[in-house]
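Quantities reported herein were computed from a predicted structural model and do not represent experimental measurements. Just so it is clear: chains get the letters A, B, ... in the order the sequence lines come, proteins before strands, and each one is counted from 1.
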Amino acid sequence: MQDKIKNLIKDALQNLGIEASEIALEHPADLKMGDYSTNVAMAIAKNVKSNPKDLAKKIVTEILRLNLDKYIEKVEVAGAGFINFYLSRKFFGNSIEEILNQGENVGKNEILAKEKTKEKIMVEYTDPNPFKPFHIGHLMTNAIGESVARILEHSGAEVTRANYQGDIGLHVAKAIYGLLKNPLRPENSGHLPLGKVEEGGGESVSVLAQHIGKAYAEGALLYETDEAVKAEIDEINKKIYNRGDEKINKIYDWGFKVTMDAFEDLYKLLGTKFDFYFLESQMAPIGEEIVRANMGKARDPEHGRRIFEESDGAVVFKAEKHDPKLHTRVFITSGGLPTYETKELGLTEDKFRTEPNLDLSIIVTANEQMDYMKVVAKAVSLIKPEHEKKMFHISHGMMRLSGGKMSSRKGNVVTGESLIRDTIALIGEKMRERDWDEKEKSKVAEMVGVAAIKYSILRSASGSDIVYNVEESISVDGDSGPYLQYSFARANSVLEKAKVENILPDPHAFPGEVFEVEKLLYKFPEVVLRSAKEYEPHYIANYLIEVARVFNSFYGNNLIVSKEDKNSGYKVALTFAFSFVMKTGLYLLGIQAPAKM
RNA sequence: GCGCUCGUAGCUCAACGGAUAGAGCACUUGUCUUCGGAACAAGGGGUUGUGGGUUCGAUUCCCUCCGAGCGCACCA
């Protein structure tokens with residue numbers, strides 16, 4: 001449709017003897033101003049020495065003369081010289097029919113399927129560290145990464161999901177120190193932040209992981225304040241590296257498994273299934289080898305300098321020599337240990353070894369890591385330019401807390417895990433009156449709770465920080481994930497009723513008027529496309545909220561299922577179309593759509 | 001100090017250089033014997049941080065200043 005209108009405008013201009021290179025066609029902000037709108041008249045008025053409004057009128061006359069498409073109802077000049085196109089009843093009926101044919105495939109496109117081969121994309125996200133709590137930042141990268149992965153799949157790419165975790169390092173030593181101090185035994189389970197131990201028998205991995213999180217916090221605190229403890233933790237750190245101490249090995253292996261299992265439970269809840277797990281300990285040697293190989297002999301062709309050099313006993317990369325906005329970073333410490341930068345280098349290499357035909361490697365992290373990611377990318381561009389061209393970094397804002405002190409509850413910080421559990425509990429409370437099977441209820445509460453959190457992350461552009469208000473908690477009405485799910489569940493029960501009353505969807509039985517929902521539904525594929533091109537899920541989130549609002553309004557003002565109404569079949573078709581768009585849209589955000597809630 | 005990101009209603013956020021800057025929350029009022037009230041209908045609330053510039057047109061692009069967040073060598 002878009003192309004049709006563009007061509008129509010082009011033809012009209014040509015007949016008027018006017019050259020126009022690019023024709024901007026957009027949807028007006030207000031539905032009253034038509035379905036498509038162009039500003040060509042204003043843009044070129046100056047060149048042809050005419051006032052925009054007169055020019056617009058001329059163009060419209062020419063368009064009308066060129067014979068209208070059956071899908072275009074009318075064309076008007078408005079405002080300062082806009083040309084607005086109104087689509088016909090038939091067009092909307094048609095678009096509803098199209099959505100019904102596509103079902104949950106609605107909005108699919110093939111921009112990432114070049115010449116019938118799918119583009120291979122790896123998305124790395126979440127990246128929590130074993131022995132540390134799953135915090136709110138991990139929740140953010142997970143929500144964004146999963147959504148981006150799904151959007152790219154919907155655009156024809158073959159996506160693999162990767163997770164990268166710091167399985168060694170000082171943080172592990174701190175946690176193990178804490179665990180040595182407070183071993184986990186039944187008699188001193190007073191150390192546990194004990195709520196109830198879930199589901200029978202022994203402690204769940206979730207509770208055990210919380211215990212490890214506390215141990216880490218204690219170790220981290222004492223590391224800063226107590227010299228003796230600091231020395232002790234440094235000693236533990238060495239033992240972890242060389243695996244020389246049997247007791248520590250045992251605790252390490254146990255703790256690693258517990259935290260990784262606890263993460264896995266969360267991924268399941270959040271709807272993520274990873275294809276690859278990369279571990280820092282394994283990336284380190286790969287990175288070190290690259291660094292060593294590029295000292296001395298290897299040269300940056302452009303500047304003729306060594307890429308890595310020694311400085312104060314450490315191996316550094318002076319990125320500012322290549323780009324004044326970058327800075328020097330240490331790759332190998334004076335103590336001979338590889339830093340995160342080196343491991344990142346190894347990770348990049350390992351990703352391309354794992355997936356040799358990778359077309360694009362996307363990494364999702366918080367923007368606090370932006371600058372050093374740029375330094376690493378610069379290093380990669382000098383060592384393996386072919387890899388650097390295939391790397392893309394999505395950096396998102398941080399989740400900040402406002403409204404009251406977060407520690408005011410149980411003297412605890414809000415971790416990602418506790419936020420999820422609290423939100424689900426809140427939803428469960430809201431559903432208490434429902435006389436459903438308990439298992440079903442808690443399943444739905446999980447879906448709704450996760451939706452509330454994911455939506456609150458994905459509703460705004462991913463670059464900026466988002467503020468989470470502890471006191472008001474995550475929103476469940478109005479502009480929220482549950483609102484989207486609710487409108488879907490509602491549509492679903494209307495469709496159930498239609499089934500019972502034996503009213504079949506009929507996209508041809510349309511009434512004279514065009515409902516506002518229809519004016520939004522056909523835009524879904526465009527929105528998906530934009531999200532895919534910009535790696536920005538929030539366009540979909542904003543779109544869905546608008547559609548949901550308009551559908552709820554339609555629902556409120558119309559009796560959809562009615563034997564008396566000859567247009568009922570059309571309204572049912574419309575409701576079907578809405579439910580497909582909503583379900584698919586939610587899926588792209590990584591949110592499930594329960595049939596009832 | 002340097003670099004990056006940002007500043008929109010009381011709060012949280014939208015607006016691919018376009019038309020009267022839009023939503024939700026909160027506040028005020030109305031709808032409840034129709035398919036799900038996690039809803040619908042309506043109302044008040046704005047000099048888009050400041051001052052310039054580019055443009056037919058600027059919340060959007062450029063510059064000044066003010067303010068915030070993040071990052072700037074052996075942590076990740």
Sugar-phosphate only, base, or nothing, as touched by A:Ser334 at under 4.0 Å among non-hydrogen atoms: base
Side-chain donor/acceptor contact of A:Ser493 with base of B:G36 under 3.5 Å: yes
Between A:Phe524 and A:Tyr543, ring centroids under 6.0 Å: yes
Nucleotide-level pairing of RNA chain B, given in dot-bracket where Watson-Crick and G-U pairs need both distances under 3.5 Å and | marks other strands: (((((((..((((....[...)))).(((((.......))))).....(.(((..]....))).))))))))....
B:U50 to B:U64 separation - C1' atoms, rounded to the nearest Å: 9 Å
Any A:Arg549 side-chain nitrogen or oxygen under 4.0 Å from OP1 or OP2 of B:A39: no
Donor-acceptor pair present, A:Ser37 side chain and B:A19 base, under 3.5 Å: yes
Check: A:Phe131 ring centroid to A:Tyr252 ring centroid under 6.0 Å: yes
A:Phe554 ring center near A:Phe515 ring center (under 6.0 Å): yes
Closest listed nucleotide, where the reference is the side chain of A:Glu26 and the choices are B:G18, B:A39, B:C74: B:G18
Between A:Thr126 and A:Asn142: side-chain donor-acceptor atoms closer than 3.5 Å: yes
d(CG, A:Asp479; P, B:A23) in whole Å: 12 Å
Sugar-phosphate, base or nothing in reach of A:Met42, heavy atoms under 4.0 Å: base
Distance under 6.0 Å and angle within 45° of ring axis: A:Lys74 vs A:Tyr86: yes
Below 4.0 Å: OP1/OP2 of B:C56 and any side-chain N or O of A:Lys46: yes
B:A19 pyrimidine/purine six-ring stacking with A:Phe82, under 5.5 Å and 30°: yes
From B:G3, B:C70, B:A39, nucleotide with atom closest to A:Glu368 side chain: B:C70
Touch class at under 4.0 angstrom, heavy-atom based, for A:Lys430 against every strand present: base
Check: B:A73 base within 3.5 Å donor-acceptor of A:Ser311 side chain: yes
Minimum-distance nucleotide (side-chain atoms of A:Tyr483 versus B:A19, B:U55, B:A39): B:A39
Touch class at under 4.0 angstrom, heavy-atom based, for A:Ala24 against every strand present: nothing
Length of the line joining A:Gln369:CD and B:G71:C1', which is rounded to integer Å: 11 Å
Nearest-angstrom distance from the residue atom CD1 of A:Ile83 to C1' of B:A19: 14 Å
Phosphate OP1/OP2 of B:C4 contacted by A:Lys325 side-chain N/O (<4.0 Å): yes
B:C16 phosphate, OP1 or OP2, under 4.0 Å from A:His538 side-chain N/O: no
Any A:Thr339 side-chain nitrogen or oxygen under 4.0 Å from OP1 or OP2 of B:C75: no
Between A:Tyr125 and A:Tyr164, ring centroids under 6.0 Å: no
A:Pro482 or A:Pro324, whichever maps to the more 5' nucleotide of RNA chain B: A:Pro324
Sugar-phosphate, base or nothing in reach of A:Ile560, heavy atoms under 4.0 Å: base
Protein-nucleotide distance (A:Asn51, atom CG; B:G57, atom C1'), rounded to Å: 14 Å
Phosphate contact (B:C4 OP1 or OP2) by A:Lys374 side-chain N/O below 4.0 Å: no
Near-ring test A:His322/A:Phe317, centroid separation under 6.0 angstrom: yes
Polar pair under 3.5 Å, donor/acceptor by atom type, side chain A:Asn84, base B:A19: yes
A:Asp465 (side chain) and B:G69 (base): donor-acceptor pair under 3.5 Å: no
Atom pair distance, as rounded to whole Å: CZ in A:Phe578 and C1' in B:A39: 13 Å
A:Pro28 vs A:Tyr372, nearer the 5' end of RNA chain B by closest nucleotide: A:Pro28
